[in-house]
2 protein chains.
Amino acid sequence: MSTSPQPNEQPTGLPAALPAALPAALPALPALPHDSIAELSHDFRLANSRLTRRLRQQRADDELTAGQFSALCSVYSSGPLTLSELSEHERVTPPSMNRTVNALVAAQLVKRENAADDGRKVILTASEAGGALVQETRERRDAWIAQRVMKLSPEQQQVLAEATLIMKELAEN
Amino acid sequence: MSTSPQPNEQPTGLPAALPAALPAALPALPALPHDSIAELSHDFRLANSRLTRRLRQQRADDELTAGQFSALCSVYSSGPLTLSELSEHERVTPPSMNRTVNALVAAQLVKRENAADDGRKVILTASEAGGALVQETRERRDAWIAQRVMKLSPEQQQVLAEATLIMKELAEN
DNA sequence: TATTGTTATACTCTATAACTATA
DNA sequence: TATAGTTATAGAGTATAACAATA
């Protein structure tokens with residue numbers, strides 16, 4: 001309630017109306033519909049969470065849940081991880097991640113082992129079945145969104161690719 | 001499992017490597033790190049859900065949850081809505097939305113009334129307190145992301161604005 | 001009969017607090 | 001004492017199935 005809205009003090013802050021300040025480098029894109037960074041941020045945030053819900057709707061009954069699959073992908077592609085490392089990467093608390101890991105270990109998709117050098121740590125690794133599941137399921141899970149991304153223009157696809165980088169960056173800080 | 005990965009048959013489908021096919025309209029943006037639409041879709045999906053979790057982490061204890069605030073914003077800015085309309089907009093089932101609405105009604109932020117023309121329907125409207133809460137809380141809730149968006153380059157801000165439109169479109173279909 | 005909303009129930013996701021084991 | 005992980009507990013979010021009221 002008492003937090004002020006940060007009147008543009010940043011070097012790259014824009015003066016309320018964005019388009020005029022742009023160096024005309026993006027002619028193919030339509031004008032921004034947002035009057036301010038606050039409005040853009042608000043819109044983006046709501047769009048993000050609604051899209052997450054939309055994607056959740058799409059999941060088939062026999063598939064891992066979104067959280068489980070995301071955690072499995074991280075373990076599989078980012079190598080062996082401790083619980084803390086995984087929970088930080090997934091942006092949840094260790095107890096939350098532990099519950100997800102329990103489900104994955106019970107399904108024999110992830111192996112949980114004690115670290116050799118530090119008895120407090122556990123090392124999480126994707127099992128052979130876990131790695132196979134990622135590879136097999138990935139295309140099917142992504143089919144819904146991939147079909148739609150495929151129908152976008154090359155420019156829009158470029159926008160999504162760029163946005164993905166920005167979103168990763170935002171999620172990490 | 002049996003769903004095939006759709007070998008680029010779409011008119012706008014790109015031939016596995018994106019950059020070469022682009023009409024050189026976006027010189028300021030770096031080359032795409034994705035080899036295929038499947039990979040972009042996968043990355044984008046995971047980034048989206050991780051960012052949602054990151055944003056959830058940011059919520060203060062005395063604020064509405066993400067789902068409650070999103071629903072309140074929809075009722076407030078998209079006028080009176082029936083339960084079905086709201087649940088479709090928020091991309092959850094009517095029973096799920098009903099639970100959220102119950103919380104908002106209990107907090108006297110939303111009014112639930114019977115529709116005059118159709119006794120089966122309910123009309124949801126933001127109360128005066130609900131509208132005031134949206135306006136008061138919005139800046140504070142968005143402060144975290146707005147601060148970060150403010151530090152992005154104008155080009156990156158443009159990307160986010162464009163991506164927001166695409167994400168809204170994706171969530172609606 | 002079909003539609004709209006609600007209740008009942010269950011499972012996942014998430015968090016905080018408190019505990020154990022190790023460093 | 002500090003750190004890594006786990007267990008206990010609780011609340012929010014979500015869904016399906018079943019039900020009630022209305023059209």
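- If you chain together hydrophobic residues whose side chains sit under 4.5 Å apart, A:Ile123 and A:Tyr76 never meet in one group.
- Residues B:Leu170 and A:Met167 share a single hydrophobic cluster, defined by chaining ILVMFWY side chains whose heavy atoms lie under 4.5 Å apart.
- Straight-line distance from the CD1 atom of A:Ile123 to the C1' atom of D:dA4: 11 Å, rounded to whole Å.
- Picking from C:dT4, D:dG5, C:dT22 the nucleotide with the shortest atom distance to the side chain of A:Asp118 gives C:dT22.
- Taking hydrophobic clusters as Ile, Leu, Val, Met, Phe, Trp and Tyr residues chained together by side-chain heavy-atom distances below 4.5 Å, B:Leu64 shares a cluster with B:Val75.
- Of the residues in residues 106-117 of chain A, those with a non-hydrogen atom less than 4.0 angstrom from any atom of DNA chain D are A:Arg112.
- Side-chain atoms of A:Asn98 and A:Arg112 form a donor-acceptor pair, as typed in the model, at a separation below 3.5 Å.
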TODO: Give the intermediate values and the outcome of side chain to side chain contact (heavy atoms under 4.5 Å, CB included) for residues A:Thr125 and A:Glu113.
DONE: CA-CA 8 Å; A:Thr125 319; A:Glu113 296 167 319; 4.2 Å; yes
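- Here the C1' atom of nucleotide D:dA4 and the CZ atom of A:Arg120 are 6 Å apart, to the nearest Å.
- Taking every heavy atom of residues 80-102 of chain B and every atom of DNA chain D, pairs under 4.0 Å involve B:Val92, B:Thr93, B:Pro95, B:Ser96, B:Arg99, by number.
- Across all non-hydrogen atoms, the minimal contact from A:Arg91 to A:Ala171 is NE-O, 2.8 Å.
- In summary, the side chains of A:Glu90 and A:Ser74 do present a donor paired with an acceptor at a separation below 3.5 Å, with no hydrogens or angles considered.
- B:Leu55 has its side chain within reach of B:Trp144: a pair of non-hydrogen atoms, C-beta onward, lies under 4.5 Å apart.
- Less than 4.0 Å separates DNA chain C from at least one heavy atom of each of the following residues of residues 52-74 of chain A: A:Thr65, A:Gly67, A:Gln68.
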- [ ] Please step through side chain to side chain contact (heavy atoms under 4.5 Å, CB included) for the pair A:Arg141 and B:Arg45, ending with a clear verdict.
- [x] CA-CA 10 Å; A:Arg141 287 191 73 107; B:Arg45 193 156 73 82; 3.4 Å; yes
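- Side-chain contact annotation: B:Arg54 with B:Ser49, donor-acceptor N/O pair under 3.5 Å absent.
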